[in-house]
Chemist: 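Please read through the structure below; I'll follow up with questions.
Along the sequence shown, residues are numbered consecutively beginning with 1. Predicted model, so just to flag it, every value in this text is computed and none were measured.
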Amino acid sequence: MREEFIDAVRRVVAMVPAGSAVAYSDISDLLQQGGPRQIGRVMARHSEGLCWWRVLRASGEAPAGHELEAFRLYRAEKTPLRGEVERFDRSGEGRWRVDFPTARWAPSAADFDAVDAIADELRAHLEAPGQVVE
């Protein structure tokens, strides 16, 4: 996977504010590159130092294998959740998910400008002569 793509994904993820969430597909749409699986691959391998819990499936389910840690982070950030939240909070049992319609990141005009600059920079790297797009 191209380092420029990884960097672009990481830069967009870093913009997502506390208490908000984005789907893998949101990031690929914003960058106009890759797809949800490619974003997921970047997050699985290159998310150190990032707010990884804010990037999830469009269903609102926490990243697989990280549900308990993600739940604690969502609660600390007051991310809107739905389902058996209080039960899970008490006992670690019960189904819950991020309330995506409420929690989904709504970038400001300035955020869109920043994302567009990241996407343009990525596109320029990928379209440079001699570059192979993966």
Side-chain angles (χ1 to χ4, degrees):
M1 188 167 292
R2 298 283 311 259
E3 288 300 318
E4 295 88 356
F5 181 71
I6 294 166
D7 180 62
V9 170
R10 289 180 52 84
R11 289 168 62 192
V12 172
V13 170
M15 295 174 64
V16 180
S20 296
V22 293
Y24 300 113
S25 59
D26 293 338
I27 295 174
S28 63
D29 289 348
L30 286 167
L31 291 174
Q32 298 177 359
Q33 295 289 332
R37 288 179 189 223
Q38 287 85 0
I39 303 303
R41 191 173 320 132
V42 169
M43 293 305 296
R45 297 180 182 159
H46 305 282
S47 64
E48 59 281 342
L50 287 178
C51 49
W52 56 266
W53 59 95
R54 297 180 192 155
V55 184
L56 48 136
R57 295 181 208 121
S59 66
E61 296 174 29
H66 301 281
E67 295 86 356
L68 183 57
E69 185 178 3
F71 181 82
R72 290 179 181 145
L73 293 163
Y74 296 139
R75 294 294 272 182
E77 292 186 352
K78 298 183 177 28
T79 305
L81 303 174
R82 62 184 176 156
E84 300 172 307
V85 176
E86 299 305 322
R87 179 177 173 210
F88 191 87
D89 207 12
R90 284 190 310 274
S91 67
E93 296 178 7
R95 296 183 49 86
W96 59 273
R97 64 184 57 205
V98 170
D99 183 355
F100 230 6
T102 305
R104 188 173 243 147
W105 179 41
S108 67
D111 291 332
F112 276 121
D113 289 344
V115 170
D116 286 346
I118 294 167
D120 290 346
E121 186 179 317
L122 175 60
R123 198 168 16 266
H125 280 290
L126 296 178
E127 293 173 356
Q131 297 296 320
V132 177
V133 178
E134 295 177 16

Chemist: As an exercise, state the distance from CG of Leu122 to CZ of Arg2, rounded to the nearest 0.5 Å.
Modeler: 8.5 Å
Chemist: Could you tell me whether Arg95 and Glu84 have a side-chain N and a carboxylate O separated by less than 4.0 Å?
Modeler: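 Not counted as a salt bridge, because no side-chain N and carboxylate O are separated by less than 4.0 Å.
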Chemist: Roughly how far apart are Glu67 CD and Trp96 CH2, rounded to 0.5 Å?
Modeler: 7.0 Å
Chemist: For Arg97 and Ser59, run side chain to side chain contact (heavy atoms under 4.5 Å, CB included): C-alpha distance rounded to whole Å, both residues' side-chain angles, the deciding distance at 0.1 Å, then the answer.
Modeler: CA-CA 8 Å; Arg97 64 184 57 205; Ser59 66; 3.7 Å; yes
Chemist: Would you give me the side-chain donor-acceptor pairs under 3.5 Å for residues 114-121, sequence neighbours excluded?
Modeler:
from   : atom 1 : to     : atom 2 : distance (Å)
Asp120 : OD1    : Arg123 : NH2    : 2.7
Glu121 : OE2    : Arg11  : NH1    : 3.2

Chemist: Do any N or O atoms from the side chain of Arg104 and from the backbone of Ala58 form a donor-acceptor pair under 3.5 angstrom?
Modeler: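 No, the answer is negative, given that no donor and acceptor are paired below the 3.5 Å cut-off.
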Chemist: Which distance, rounded to the nearest 0.5 Å, do you find between the CZ of Arg41 and the CE of Met43?
Modeler: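 If I round to the nearest 0.5 Å, the distance is 14.0 Å.
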Chemist: Could you state the interatomic distance from OG (Ser28) to CZ (Arg37), rounded to the nearest 0.5 Å?
Modeler: 12.5 Å
Chemist: Scan Leu50, Val9, Val22 and name whichever one has a side chain to side chain contact (heavy atoms under 4.5 Å, CB included) with Val55.
Modeler: Val22
Chemist: When rounded to the nearest 0.5 angstrom, what is the spacing between NE2 in His125 and CG in Asp7?
Modeler: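 One gets 8.0 Å once the value is rounded to the nearest 0.5 Å.
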Chemist: State, to 0.1 Å, how close Arg57 and Ala64 come at their nearest heavy-atom pair, and which atoms those are.
Modeler: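 Looks like NH2-CB, 3.7 Å.
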Chemist: Any chance you could lay out the side chain to side chain contact (heavy atoms under 4.5 Å, CB included) test for Arg54 and Met15, step after step, and finish with the verdict?
Modeler: CA-CA 10 Å; Arg54 297 180 192 155; Met15 295 174 64; over 6 Å; no
Chemist: Can you tell me how far the CZ atom of Arg82 sits from the CZ atom of Phe100, to the nearest 0.5 Å?
Modeler: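 It comes to 10.5 Å.
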Chemist: Is a side-chain N or O of Asp29 found less than 3.5 angstrom from the main chain of Asp26, in a donor-acceptor match?
Modeler: no
Chemist: Under 3.5 Å, sequence neighbours excluded: what are the donor-acceptor pairs made by side chains of residues 68-76?
Modeler:
from  : atom 1 : to    : atom 2 : distance (Å)
Tyr74 : OH     : Trp53 : O      : 2.7
Arg75 : NH2    : Glu86 : OE2    : 3.4
Arg75 : NH2    : Asp89 : OD2    : 2.8

